[in-house]
Amino acid sequence: MNKWKCSVCGYIYDPQKGDPDSGIEPGTPFESIPEDWTCPACGAPKEMFEEMTD
Amino acid sequence: MSIKLSDGVFWVGAFDWKLKNFHGVATPRGGTYNAYLIIDDEVSVIDTVYLPFFDEFLRHVSEYTEPSAIKHIIVNHAEPDHASSLKELLDVAKGADIVCTSKCKDFLTHMGVSGRFTVVKDGDVLSTGSKRMRFIEAPMLHWPEVMWTFLEGEGILFPCDMYGTQVIESDMKAEAVPDIESFARRYFAFIFRPLAPIVLKGIEKTKELAPKMICPSHGPVWRDAMRIVSLYEKLATRPDREKVLILYSSIWKDVERMAHAIAEGVQSTGVEVVLKDSGDLDWAGWSDLLADAMESRGIAIGSLTVLGGPFPQLMYATMLLRLVRTKGKAGLSFGAYGWGPGITKKLDEELKAIDATPIREGIEVRFTPTDADLKRCYEAGVELGERVKGVKL
């Protein structure tokens, strides 16, 4: 599972940690997050995220 | 002088006639910091002004009411051009609360503002007597704490920086500015183009609200609300057309001759060309460059070689173009070197970084272009023009 980075503010979504404050359980891949989820740091929508590849 | 917009709704902002460069947006006819006064049983203001203009704001408010009577200061956005006179206003309107989102409270607190905060959430309504203001959270349009205020009965939307321009019109009428769209284009390219997917969500929200009037925080008011909504929608989706931007750095005119040959090739296909020497760009030129890049379906960049790489001014331009986050453009690189080749490979990397895919290998000449080189440039220009014409929308 890759991490995804918010292209607006730089927040990194780590699937291992999820986003429990928004109800996203640890272990949730980015692809499985609901479409209306927004960046917890800046509020940008999901489509502003870019996949991080090593 | 203040301006009446509707019953009990007044523009009480300020004109900045000397403003020529709004942090990167060219404003050849000045700019405005808009604040609005809502007179009802309880008096409210929506946003304030940049601190140097506070006295003017206060004078405008005083035309209708004692500023001390203000009960609610609605803060749509914490940026200093809207909120830097909050402290001064609270000294005058001692009984007022600050109505804003929780993130905005956090921002303002860090900016040194203290006072009585009323934190609101998306959909909350403030009743001030006969008028109802609904708050709409609008994160990243264009800061995370931003909200919009919607005056329900009147159908007036106060969307802060969204739907803004930056130009002075004495009666605050957008329709009275014949070239208003050129101001919207420059402002949008710099402030909202990087956030285009979020702008589209904002546009959806706006259509649900169906406002009759839009009162942005910069530039004049839109009585024909849908006109600016449609324009922003176009700029956020496909602002581009059959146009090629050619940008180059040249010292001894060798690269410039190449640029001109490419331009002639593009023009021969009927495609519009904008040609710019990075050395000629002043702050207004840099601002227009962003708008031109946004509108161009093809981008050609060229440079001489300095210490093995492109001229720094050209790199500054490509850094700026990254901000515009354009997608799917056709690219072409060209350049000259004296003893170390490879300039166009470096320029191709810059093109890729702005999502302008090189259509062919870059054109590189040693010292100065020969007639055959210029013919190659012309032909590459033709190829670029044809490519740009072939883009399906």
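Here is the naming used below: chain letters follow the sequence lines, and residue numbers restart at 1 for every chain.
- With a 4.5 Å cut-off on non-hydrogen atoms, B:Leu195 touches chain A through its backbone and its side chain both.
- Using modelled atom types and a 3.5 Å distance limit, the side chains of B:Asn34 and B:Ser217 yield no donor-acceptor pair.
- For the residue pair B:Leu290 and B:Leu320, the shortest heavy atom distance occurs at CD2-O, 3.4 Å.
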### Message
Go through it in stages, so that I can follow the logic: the residues are B:Tyr163 and B:Thr206, the test is side chain to side chain donor-acceptor pair (under 3.5 Å), and I'd like the CA-CA distance, side-chain angles, deciding distance and then a yes or no.
### Response
CA-CA 10 Å; B:Tyr163 303 126; B:Thr206 312; 2.7 Å; yes

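- Residues of residues 26-46 of chain A having a heavy atom under 4.5 Å from any heavy atom of chain B, listed by number: A:Pro40, A:Ala41, A:Cys42, A:Gly43, A:Ala44, A:Pro45.
- Atom-to-atom distance recorded for B:Glu137:CD and B:Asp124:CG is 8.5 Å, nearest 0.5 angstrom.
- A cation-pi arrangement, defined by a distance under 6.0 Å to the six-membered ring centre and an angle within 45 degrees of its axis, is absent between B:Arg186 and B:Phe190.
- The aromatic rings of B:Phe192 and B:Tyr187 are tilted relative to each other, their planes meeting at an angle between 30° and 60°.
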